[in-house]
Amino acid sequence: MSIDKDQWKFEVINSYKGAKRAKPSEDLFAKIEQQIYTSKHRRSIISLHQQKWISIAASFLLILNACAIGLCVKNSMVNRAEVDQTVKNLSIISDYNLYE
Amino acid sequence: MRHYIAITKRNHGLNNPNEILKLVVQGDQKAFRALYEIFSAKVYNVALSYTKNVEDAEEITQDVFTKIYKNAASFKGNSALSTWIYRITINSSLNLIKKRNRFSFVKTGLASTEPPTFDHPGILLENKENARILFQVIDTLSENQKTVFILSYIEELPRQEIADIMALSLKAVESLLQRAKGNLRKKLEDVYPNRRKSKSKWSKGYRLKN
């Protein structure tokens with residue numbers, strides 16, 4: 001009985017001996033090529049998507065810059081008006097400076 | 001090596017798989033086909049031994065060759081090309097098994113207990129029943145023992161090549177193999193009395209105690 005059992009175990013452990021290699025299906029290589037092609041193609045789609053977002057971000061930045069420049073120009077015009085007023089005031093003061 | 005030469009001459013006229021890989025890096029589709037013809041059976045059979053499922057084995061083979069194509073440039077030649085490819089295959093197979101086990105736990109709420117029966121397409125008819133038991137018992141081994149057993153008994157690789165693939169010493173591989181065989185024999189002890197009682201259980205598949 002013990003010899004039978006050991007023999008049986010030996011046969012089970014070696015049951016793969018003499019087996020032929022299994023082969024994958026004929027169309028597997030085509031599927032692999034398709035998978036590679038799809039992943040390459042997906043990359044180009046993503047970059048187009050990214051390009052869209054980049055252009056939106058760039059436009060946004062341009063608008064922001066334009067607003068900033070506009071504000072700067074406005075501020076500088078206000079400052080000039082103040083400077084002109086100050087200069088005018090000074091001349092008024094100096095006109096009335098009796099003790100020079 | 002003669003096998004490689006016969007296939008490569010038929011496909012591309014090159015003698016060396018490493019040379020073929022260099023052409024794959026340059027995007028040569030014929031070279032990639034040649035590489036596939038050399039290694040697809042090895043990759044598929046290793047995957048089949050792990051997964052015991054034809055669809056899963058094909059999925060793994062697809063993933064492995066996709067990885068080879070994408071990462072061909074990163075292969076430095078520090079090991080044999082076959083060693084690199086075997087490693088990718090083993091890692092992909094083990095990852096898929098872990099993924100399947102996770103999902104089966106979520107589905108059923110219990111760890112997967114009933115191993116499916118598997119009829120390897122290449123097994124001789126007289127060995128089919130024993131092979132069915134063998135593949136069930138292999139599943140109960142730890143990852144390293146399973147890998148060593150599959151590479152040694154199923155792929156029939158030399159021990160040194162197994163050591164290179166698993167990045168272990170030769171002694172470690174031999175020790176793992178001894179433990180794997182010992183554990184398989186212990187598991188088969190549980191199977192043997194039940195096999196004598198009822199043969200019909202074996203045709204359906206019998207759940208082994210882990």
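Letters go in sequence order (proteins before strands), and every chain restarts at 1.
- One finds the NZ atom of A/K9 at 7.5 Å from the CZ atom of B/R185 (value rounded to the nearest 0.5 Å).
- The aromatic rings of A/W8 and B/Y192 sit tilted, their planes meeting at an angle between 30° and 60°.
- Other residues, nucleotides and ligands contribute at most 12 non-hydrogen atoms within 6.0 Å of the NZ atom of A/K23.
- Taking CG of B/L188 as the reference point, atom CD1 of A/I13 lies at 5.5 Å (rounded to 0.5 Å).
- Options B/A47, B/G122, B/P121, B/A41 differ in how many heavy-atom pairs under 4.5 Å they form with chain A, and the most are formed by B/G122.
- Taken to the nearest 0.5 Å, the CD1 atom of A/I36 stands 13.0 Å off from the NZ atom of B/K67.
- For B/F32, the parts sitting under 4.5 Å from any heavy atom of chain A are the backbone and the side chain alike.
- Contact tally against chain A (heavy-atom pairs below 4.5 Å) for B/I138, B/L184, B/L124: the top residue is B/L124.
- Using a 4.0 Å cut-off between charged side-chain N and carboxylate O, B/E189 and A/K5 make a salt bridge.
- The NE2 atom of B/H120 sits 9.0 Å away from atom CZ of A/R21, with the distance rounded to the nearest 0.5 Å.
- Annotation for A/P24 and B/Y36: closest pair CG-OH, 3.8 Å, computed over non-hydrogen atoms.
- Looking at B/Y69, only its side chain comes within 4.5 Å of chain A, counting heavy atoms on both sides.
- In this structure, CD in B/Q62 is found 11.5 Å from CD in A/E33, a value given to the nearest 0.5 Å.
- Interface remark: B/E126 contributes no atoms to any contact with chain A (heavy atom separation under 4.5 Å).
- Enclosure of atom NZ in B/K181 by more than 12 non-hydrogen atoms of other residues, nucleotides or ligands within 6.0 angstrom is indicated.
- By number of non-hydrogen pairs under 4.5 angstrom with chain A, the leading residue of B/E156, B/E155, B/Q29 is B/E155.
- Taking the six-membered ring for Trp and the full ring otherwise, A/F29 and B/F65 have centroids separated by 6.0 Å or more.
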field: B/T61/A/L28 under side-chain contact (heavy atoms from CB on, under 4.5 Å): CA gap, chis, key distance, verdict
entry: CA-CA 8 Å; B/T61 307; A/L28 186 61; 3.6 Å; yes
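- Shown here is B/K128, whose NZ atom has more than 12 heavy atoms of other residues, nucleotides or ligands within 6.0 Å.
- Annotation: maximal heavy-atom pairing with chain A below 4.5 Å, among B/N127, B/V43, B/N45, occurs at B/N45.
- The OH atom of A/Y16 lies 10.5 Å from the CG atom of B/L134; values are rounded to the nearest 0.5 Å.
- Electrostatic pairing of A/K31 and B/E59 does not count as a salt bridge here, judged by no charged N lying under 4.0 Å from a carboxylate O.
- For A/E26, the CD atom counts as loosely surrounded, since its 6.0 Å shell holds 12 or fewer non-hydrogen atoms of other residues, nucleotides or ligands.
- Side chain of B/E58 to main chain of A/S25: a donor-acceptor pair is present (N/O by atom type, distance under 3.5 Å, no hydrogens or angles).
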